[in-house]
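Letters A, B, ... are given to chains in the order of the sequence lines, protein chains preceding strands, and every chain is numbered from 1.
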Protein chains: 2
Amino acid sequence: MTMAQKSSESGGEFRSRTSETHMRIRDDVISGKLKPGAKLKIEHLSREIGVGATPVREALSSLVSDGLVVREDQRGFRVAGISSQEFDELLYVRSCVEERALRLSIERGGPNWEEGIVLAKYRLRAIAPSDRYDPQWERHHRQFHLALNAGSGSGTLLRLCSQFFDENSRYRHLSRCGGGRAPRDLSDEHDGIAEAALARNADLAVERLMTHYNRTGKLLRQAIMEVEQGAQ
Amino acid sequence: MTMAQKSSESGGEFRSRTSETHMRIRDDVISGKLKPGAKLKIEHLSREIGVGATPVREALSSLVSDGLVVREDQRGFRVAGISSQEFDELLYVRSCVEERALRLSIERGGPNWEEGIVLAKYRLRAIAPSDRYDPQWERHHRQFHLALNAGSGSGTLLRLCSQFFDENSRYRHLSRCGGGRAPRDLSDEHDGIAEAALARNADLAVERLMTHYNRTGKLLRQAIMEVEQGAQ
DNA sequence: CTGTCAATAAAAATCGATATTCTTTCTTTT
DNA sequence: AAAAGAAAGAATATCGATTTTTATTGACAG
């Protein structure tokens, strides 16, 4: 009975309800379905997702440390707020961490790392770019960026890259909601980074990655500020 | 009944059992009482701390995102491992983040920030340095370093500083267990940093902070490697 | 012996219900 | 009519018990 329930759930690719719940709420926060500052009521989420309170609570607790959710003791959880200021800090820190991770990867990465990049790049390209939020593209995009850093061999760096990527994604989606600017084609930039990394040209790869971030960052910052204006 | 129980618990300064549990496990991981790689059994912790499984689980979930605990789905939690490599990455990233936070604080910090530093510095000095693990000194030490960055006004930076401080503390304690080297007196270094920050001399403050970290880092790294050797 | 499989024991994950704490609303008093 | 206070209604936090999953043991066949 319960087994059937589990395997029927959206493909049944999850090891635990907590993992699924975590991913689900995380994605809803990132995509902007759950808006900054919104109250996250346990019971509501519980019902929506179809799990008990414990997994929801665990997921939310993690998300607090991930920076996507905030908590006030005895007053529950809500979606973390956003601001152009926080975005700036995020971009700065993220750049530091990604540069380090990428350099280490290029220095230490083995065949496994190389193959990971090739595969992730291929998969990302295979998806037709869309104006709307596309969960699959998001997943592959995330995978691609993590694959670049996977060779570093540092759990700490990888965890941070992952967290920052998610936070950044949220800004990306939220700013799109507000502005509605057509996202430029990123495929070439991605390919360029991958190419340089695989050629073990650290300086070039880092330069391209930073350009990639700064270019996106500049646009995002502007869009966020417009949203902030609007929110006034 | 339950109220009495709550307020009797170690001073009753906690708003929720989850907070207390989180702090307790965190401190045990940092202090080295819970050793790297050790299994964290829910029921055991539950009994030990005197709370139900839910707060324990929530606390552990947070600690995973904080990098102090790792989780394997369906196989529970264990204390995160350590290595000199991970320590290097931690030190690097931490330096980036703290430099940024300190500069921002010096640039933006108000009277509130200044007073926070003065107070934290005073409290830290007031405690006689000890060779053993001293929870109170730890608390104040933590508070001092966070106070320096508190003026930045960035939740993201503050959260990261806090996380990195904890991870670093763990390495500090673990290496002491192994080596048994007498910790040098840090008070003067702390004072120097605080002085420069309050004088709004960003470059000097940052330089002193970095020296502080690198000096400690060098010693720690060595000690960790000895521990690693021993663990072989 | 050695590897496989089933039965048992242990632990993790999850649920449903209860206790606690906040929020809001509706009095009551000045 | 405004402020303080009490009571009802949410929502959070927590517990104890149940369900699932993993780990261990021991029997048995190869």
Would you please name every residue forming a ring-ring contact (aromatic ring centres under 6.0 Å, His included) with B:Y92, sequence neighbours left out?
->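 None.
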
If each of B:F77 and A:D73 is mapped to the nucleotide of DNA chain C with the nearest heavy atom, which maps nearer the 5' terminus, i.e. the 5' end?
->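 Upstream on the strand: B:F77.
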
Apply side chain to side chain contact (heavy atoms under 4.5 Å, CB included) to [X] and list each qualifying residue two or more places apart in sequence or on a separate chain.
| X | result |
| --- | --- |
| A:D134 | A:I127, A:Q136, A:W137 |
| B:Q85 | A:R108, B:S83 |
| B:R125 | B:S187, B:D188, B:D191 |

Can you sort out the partners of B:K39 under salt bridge (charged side-chain N to carboxylate O under 4.0 Å, His left out), two or more places apart, ordered by chain and number?
->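 Checked B:K39 against salt bridge (charged side-chain N to carboxylate O under 4.0 Å, His left out); zero matches.
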
Where each residue is assigned the nucleotide of DNA chain D containing its nearest heavy atom, which of A:G76 and A:T54 is assigned the position nearer the 5′ end?
-> A:G76

Provide the full list of side-chain hydrogen bond (donor to acceptor under 3.5 Å, both in side chains) pairs with a residue in residues 146-169 of chain B, sequence neighbours left out, each pair given once.
-> A:E86-B:S154, A:E86-B:T156, A:R159-B:E167, A:E167-B:R159, B:D66-B:Q163, B:E98-B:N149, B:R142-B:S162, B:R142-B:D166, B:S169-B:R172

To the nearest angstrom, how far is [X] atom [atom1] from [N] atom [atom2]?
| X | N | atom1 | atom2 | result |
| --- | --- | --- | --- | --- |
| A:R78 | C:dC22 | CZ | P | 15 Å |
| B:Q74 | C:dA12 | CD | C1' | 7 Å |
| B:R17 | C:dA19 | CZ | C1' | 10 Å |

Of the residues in residues 38-47 of chain B, which ones touch DNA chain C at a heavy-atom distance under 4.0 Å?
-> B:K39, B:L40, B:K41, B:I42

Indicate whether OP1 or OP2 belonging to D:dT14 is found under 4.0 Å from a side-chain N or O atom of B:T18.
->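 Checking B:T18 against D:dT14: at least one side-chain N or O falls below 4.0 Å of OP1 or OP2.
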
Is there a side-chain polar atom (N or O) of B:R75 under 4.0 Å from OP1 or OP2 of D:dA23?
-> yes

Considering only heavy atoms, which members of residues 56-63 of chain B lie under 4.0 Å from some atom of DNA chain D?
-> none

Point-to-point distance, once rounded to the nearest 0.5 Å, from CZ of A:R26 to OG of A:S19 =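 Taking CZ in A:R26 and OG in A:S19, the distance rounds to 11.0 Å.
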
Distance, nearest 0.5 Å, that separates CG of B:L90 from CG of A:L160 =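 The CG atom of A:L160 is 9.0 Å from CG of B:L90, to the nearest 0.5 Å.
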
Between D:dA13, D:dC15, C:dA13, which nucleotide has the shortest distance from any of its atoms to the side chain of A:S16?
->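 Minimum distance to the A:S16 side chain belongs to C:dA13.
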
Using distance only, find each side-chain donor-acceptor pair of residues 112-124 of chain B under 3.5 Å and give its atom names and separation, not counting sequence neighbours.
{"unit_1": "B:W113", "atom_1": "NE1", "unit_2": "B:A147", "atom_2": "O", "d": "3.2"}
{"unit_1": "B:W113", "atom_1": "NE1", "unit_2": "B:L148", "atom_2": "O", "d": "2.9"}
{"unit_1": "B:E114", "atom_1": "OE2", "unit_2": "B:R200", "atom_2": "NH2", "d": "2.7"}

